[in-house]
Amino acid sequence: TISVSAFLLNRSSDLHVWSLAKASDNVLAEGVCRAAALADGKPGTYDGSVAMVRDTVGALGVDMSTYQARDCSGLSEQGKISAGVLAHTLYTAIHGSDPKLASVAAALPVAGLDGTLHDRFLGKGSAGIVRAKTGSLSHARSLTGIMPTASGSILVYSVVVADYQEGQGGRVLDHIDRMIDGVAAL
């Protein structure tokens, strides 16, 4: 997730962040997060690693009061992370004062080109322009990233759609992609 990527840059290498963001390597996210929790003096458990992310990202100025993660992989169906937390974390990584966090944006998959977005936004104006981290659970989809608009602004965004009917995940992704493509055209 974006939150895990931001905290890892304070504790780990760009290579880990690249693997986490481009390939969405959930096993790596969980393992590195637990190791970082141990290094931070917390238990190398689900609870310890989530507490470490909450503390580290919170120290960047992100309001973590609605952060309800259950693990660092992002695969727990019980976890809930608001679009606000995701967008603020990414914004802080890009615009904050810590130069180590600047590479978070570069590690994000590029629409229509690589990572988890290699087959999305194809043939659309936002292909090759939108950078984002995807999120996917059985009844939740998200897209958090950055994009330049036609007017020259750089936008940080996060879209989270949850609790939709069984079998509607593809339609949800289509709607998210159409919305982001439309905003990029502004």
Side-chain angles (χ1 to χ4, degrees), residues 1-40 42 44 49-64 67 69 71-75 79 81-121 126-136 142-149 152-160 176-177 180 183-184:
T1 67
I2 297 294
S3 299
V4 174
S5 295
F7 105 82
L8 280 176
L9 277 171
N10 278 329
R11 306 248 196 277
S12 193
S13 72
D14 286 348
L15 179 60
H16 285 131
V17 174
W18 194 266
S19 295
L20 285 167
K22 291 281 186 190
S24 196
D25 190 331
N26 299 314
V27 174
L28 178 62
E30 192 65 44
V32 173
C33 193
R34 286 180 182 217
L38 288 169
D40 203 41
K42 293 182 173 38
S49 58
V50 167
M52 190 269 309
V53 169
R54 181 179 289 111
D55 293 349
T56 303
V57 176
L60 296 172
V62 177
D63 179 4
M64 299 296 281
Y67 180 74
D71 58 25
C72 285
S73 70
L75 294 176
I81 303 173
S82 72
V85 167
L86 294 169
H88 191 192
T89 300
L90 182 56
Y91 181 88
T92 301
I94 294 168
H95 298 292
S97 60
D98 189 339
K100 288 188 268 180
L101 298 177
S103 65
V104 168
L108 294 172
V110 179
L113 295 178
D114 66 8
T116 54
L117 293 181
H118 75 277
D119 60 351
R120 289 175 64 181
F121 298 93
S126 53
I129 296 171
V130 167
R131 291 180 167 271
K133 175 67 184 86
T134 59
S136 183
S142 68
L143 192 65
T144 300
I146 61 170
M147 71 175 120
T149 64
S153 298
I154 300 292
L155 300 179
V156 175
Y157 64 90
S158 185
V159 179
V160 177
I176 291 172
D177 291 358
I180 296 302
V183 171

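Values below: every heavy atom of this structure, side chains too, minus hydrogens, waters and symmetry copies.
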(request) Kindly write out the residues that satisfy ring pair (Phe, Tyr, Trp, His ring centres under 6.0 Å) with H118, not counting sequence neighbours, or none if the list is empty. (result)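 Result, ring pair (Phe, Tyr, Trp, His ring centres under 6.0 Å) vs H118: none returned.
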
(message) Tell me every residue that passes ring pair (Phe, Tyr, Trp, His ring centres under 6.0 Å) with Y91, counting only those two or more places apart in sequence or in another chain.
(response)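 For Y91 the ring pair (Phe, Tyr, Trp, His ring centres under 6.0 Å) partners, ignoring immediate neighbours, are H95.
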
To the nearest 0.5 angstrom, please state how far the [atom1] atom of [X] sits from the [atom2] atom of [Y].
X    : Y    : atom1 : atom2 : value
L75  : S24  : CG    : OG    : 8.0 Å
I154 : I146 : CD1   : CD1   : 6.5 Å
L143 : D177 : CG    : CG    : 6.5 Å
E30  : D71  : CD    : CG    : 5.0 Å

Do you know the tightest heavy-atom contact between [X] and [Y]?
X    : Y    : answer
K22  : L108 : NZ-O, 3.0 Å
S126 : F121 : OG-CD2, 3.1 Å
L117 : P109 : CD1-O, 3.6 Å
C33  : V53  : SG-CG2, 3.6 Å
D63  : H88  : N-ND1, 4.0 Å

(request) Examine distances only and state if a side-chain atom of T149 and a backbone atom of S153 form a donor-acceptor pair shorter than 3.5 Å. (result)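 Yes, T149 side chain to S153 backbone: donor-acceptor pair under 3.5 Å.
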
(message) Whether the side chain of D40 engages the backbone of A36 through a donor-acceptor N/O pair (distance < 3.5 Å, no angle test) should be reported.
(response)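 Not at all, since once roles are kept as given, no pair shorter than 3.5 Å links the two residues.
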
(request) Could you give me the CA-CA distance, side-chain angles and deciding distance for K133 and L90, then say whether side chain to side chain contact (heavy atoms under 4.5 Å, CB included) is met? (result) CA-CA 10 Å; K133 175 67 184 86; L90 182 56; over 6 Å; no

Side-chain heavy atoms of [X] within contact of [Y], under 4.5 Å:
X    : Y    : value
I81  : M64  : no
R34  : C72  : no
R120 : T134 : yes
I129 : P148 : yes
L60  : T89  : no

(message) Is there a side chain to side chain contact (heavy atoms under 4.5 Å, CB included) between V183 and Y157? Walk through the geometry before answering.
(response) CA-CA 10 Å; V183 171; Y157 64 90; over 6 Å; no

(request) Given side chain to side chain contact (heavy atoms under 4.5 Å, CB included), test V85 with V57 step by step and report yes or no. (result) CA-CA 10 Å; V85 167; V57 176; 5.8 Å; no

(request) Report the residues that fulfil salt bridge (Lys or Arg N to Asp or Glu O under 4.0 Å) with D55, sequence neighbours left out, ordered by chain and then residue number. (result)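 D55 satisfies salt bridge (Lys or Arg N to Asp or Glu O under 4.0 Å) with K42 once adjacent residues are dropped.
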
(request) Report the residues that fulfil side-chain contact (heavy atoms from CB on, under 4.5 Å) with S97, sequence neighbours left out, ordered by chain and then residue number. (result)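 Expected list: none.
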
(message) Can you list everything that forms a side-chain contact (heavy atoms from CB on, under 4.5 Å) with V50? Sequence neighbours excluded, please.
(response)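 Scan of V50 (side-chain contact (heavy atoms from CB on, under 4.5 Å), adjacent residues dropped) gives R54, Y67, A69.
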
(message) Going by the rule side-chain hydrogen bond (donor to acceptor under 3.5 Å, both in side chains), which residues pair with S158 if we only count those two or more places apart in sequence or in a different chain?
(response)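 Listed in chain order: T144.
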
